[in-house]
Amino acid sequence: MRAKNLQVIYVMWLREMKIFLRAKSRWISNLALPFFFLFTMAFGFRRFRIAGVFHGMSYGNFLVPGIIGMTMLFSSMFTGISILWDRDFGFLKEIMVAPVKRSAVILGRVSGGVTNNLIQGISILLSSFLIGFRINSLLSIFWALLFMVVISVGFNGLSVAIASKMRDPQAFPLIMHFFTYPAFLFSGALFPIADLPFWLRSFSYLDPLTYGVDGLRGVLVGFSQFPPILDLSVLLIFSLAMVILGSWLFSRTEV
Amino acid sequence: MLAIEVKNLTKKFNRLKAVNNISFKVEKGEIFGLLGPNGAGKTTTIKMLITLVKPNGGEAKVWGFDILKQKNEVRNSIGIVFQEPALDNRLTGKENLDFHARLYGLDKETRKKRIKEVLELVELRDKANVLVGNYSGGMQRRLEIARGLMHYPKILFLDEPSLGLDTQTRRRIWEYILRLNKKEKTTIVLTTHYMEEADYLCQRVAIIDFGKIVALDTPANLKSVLGGDVISIEAVPSEKAFQVFQKISWVKKINQHNGTIDLNCEQGEKKIPLLMKIDQENLGFEIKSINLRKPTLEDVFLHFTGKTIRETEVSQSEKNKRAMRRRFRR
Ligand SMILES: Nc1ncnc2c1ncn2[C@@H]1O[C@H](COP(=O)(O)OP(=O)(O)OP(=O)(O)O)[C@@H](O)[C@H]1O
Ligand SMILES: [Mg+2]
């Protein structure tokens, strides 16, 4: 039974990969946005020094972990979109009548989404070296990858949960933006949340991405508000909760 | 053991009873048809049996497994071809089959062998590596049948297998279904609103209308309910002829309208020579024309539901167009 579930996870993952590799437009849109952000902001704010930031670190160094976090957040939403497409195509029925665990189906989809996110995260990280981004040590990369995984598992799960409650593929982007933009803006990806007035900052503390960005910054450039281990714990709880919620809602959908 | 056993199955959508307390049995190895017009409840019945929709009442066993309590076992025993297309257009035909095979836990050897087999059955081997988005509607349908068979299901459900296809493709699909039923002993449950299809393929047919089964029997028995064949005769003077025909022992029923006399009888083709002999006896009338009509399931349908299935055909052709559009959308 366990081997069977692994097979299901694998086949769902494999399908996501095949589709992803074939969809050239998705590659472009997925990579273009973060690069666009990264380059314009890093150069545009090049001369800024941020008060309260470790040794007046350059804005570029401050920004890169934020952009990686942002990418994890936005790209995770594709997993939900792909569920809605499947429903629209009728393909979801094919999956729903198969003698397999719904949670395995969702884990497969999520791992597909996470793989895509990792590819993006790594390419952003590598190209940021070109604009002068410097990390603490090689080990930082390992920890950063770990953070990327937990962040994207969490948001992939959220995206599945939203998609399972929705019928209309056109409405999904609207609902999605309702979640993603606040999550992005409050996360401290672009500026230190310590600078926000307290009442705004409390939103940041509720935002899971805050801990993602903070953790990434901690492990990559050694600057963070919270100890990275705390960030990691919060993210683990968040992603576990989202995967459970997503699987549960998905198993209750009718086609 | 029966392949399928349905008892008092009911499904309501709000106030509408889409399926209203139906019961039937399907034998192993049988080709069983659900025949009915649009909205009769055929798809809803199938969806309950394949564990996609939860019934509001009644029970059913598929291959001996309860559709509510043993979903996984049911799912393992059945293959399905949905009414609406359900393929991934961004994958090739072969990849769609491979995905299905892995989902059903087939090992590598079996997957390879079976993909070849089913593609051969539906004559799609040369299209195996083409993206499904580039298939024609008929090719997609054939691929869906192939996919339904991948995991050696005991029962194959086909919801309107030839909906929206041209006559030639329809014929081919019928051949695949018959071949499959014969070669692999697969039990087949299909829904259709084509009389011809039900007549040609099914050993037994349930006529379903407004969520209820109004008749269930072999096509031949259903037709015999109508009193056998109909011979229509024009004769002058028709009153005289009517009196003579009335006394013939093999005539089961006789009607006269607009100068035409309708005789109901068995094996009408053998009665025509007899009528010719009577004509030659010069009994005071002359036969002008004879027309033999075998009852079709169409007549049976009319008999049981009070309407012809053509009355529903108009909206059906609209629906076909919609189905085709869906198929070609990407
Ligand atoms: N999900 C649903 N919600 C509400 N009503 C539904 C739903 N599914 C089906 N119905 C209704 O139930 C009735 C039976 O529908 P069903 O699809 O079973 O008919 P059918 O015999 O398959 O017809 P067709 O030949 O058009 O496919 C119809 O009146 C339909 O409108
Ligand atoms: Mg139907």
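Every chain is numbered from 1 and lettered A, B, ... according to where its sequence line falls, protein lines coming before strand lines. Everything numeric in this text was worked out from a predicted model, so none of it was measured.
Contact annotation for A/Leu92: neither backbone nor side-chain heavy atoms come within less than 4.5 Å of a heavy atom of chain B. Proximity to chain B (any heavy atom under 4.5 Å) is shown, for A/Glu94, by both the backbone and the side chain. Residue contact with chain A, scored on non-hydrogen atoms closer than 4.5 Å, involves the backbone and the side chain of B/His100 alike. Interface residue B/Ile80: only side-chain heavy atoms are found under 4.5 Å from chain A. Proximity to chain A (any heavy atom under 4.5 Å) is restricted, for B/Lys47, to the side chain, taken from C-beta onward. For B/Leu131, the part lying under 4.5 angstrom from a heavy atom of chain A is the side chain only.
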Side chain to side chain contact (heavy atoms under 4.5 Å, CB included) between B/Phe82 and A/Val97, intermediate numbers included: CA-CA 11 Å; B/Phe82 295 100; A/Val97 291; 4.0 Å; yes
Could you walk me through whether A/Arg22 and B/Glu95 pass the salt bridge (Lys or Arg N to Asp or Glu O under 4.0 Å) test, one step at a time? CA-CA 13 Å; A/Arg22 277 172 205 172; B/Glu95 284 168 342; 2.6 Å; yes
Output, in order, the C-alpha distance, side-chain angles, deciding distance and verdict of side chain to side chain contact (heavy atoms under 4.5 Å, CB included) for A/Trp85 and B/Asp88. CA-CA 10 Å; A/Trp85 275 348; B/Asp88 191 333; over 6 Å; no
Check the pair B/Phe99 / A/Ile95 against side chain to side chain contact (heavy atoms under 4.5 Å, CB included), numbers first and verdict last. CA-CA 10 Å; B/Phe99 175 86; A/Ile95 297 169; 4.3 Å; yes
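Closest non-hydrogen pair, B/Ala86 versus A/Gly90, comes out as CB-O, 3.3 Å.
Going from atom CG of B/Leu87 over to atom CZ of A/Phe91 covers 7.5 Å, rounded to the nearest 0.5 Å.
The candidate with the highest count of non-hydrogen atom pairs below 4.5 Å against chain A, out of B/Val74, B/Leu103, B/Asn96, is B/Leu103. Ranking B/Glu73, B/Lys54, B/Arg147 against chain A, the residue ahead of the rest is B/Arg147, based on heavy-atom pairs under 4.5 Å. By number of non-hydrogen pairs under 4.5 angstrom with chain A, the leading residue of B/Leu91, B/Ile50, B/Asp98 is B/Leu91.
In A/Phe36, the CZ atom is not crowded: 12 or fewer heavy atoms of neighbouring residues, nucleotides or ligands sit closer than 6.0 Å. Other residues, nucleotides and ligands place more than 12 heavy atoms under 6.0 Å from the CZ atom of A/Phe129. Heavy-atom contacts from other residues, nucleotides or ligands closer than 6.0 Å to CH2 of A/Trp143 number 12 or fewer.
Between B/Arg90 and A/Glu16, none of the side-chain N atoms (NZ, or NE/NH1/NH2) sits under 4.0 Å from a carboxylate O, so this pair counts as no salt bridge.
Contact check for B/Pro85 versus A/Phe89: no side-chain heavy atoms found under the 4.5 Å cut-off.
Under a 3.5 Å cut-off, the side chain of B/Arg102 and the backbone N or O of A/Gln7 do not form any donor-acceptor pair.
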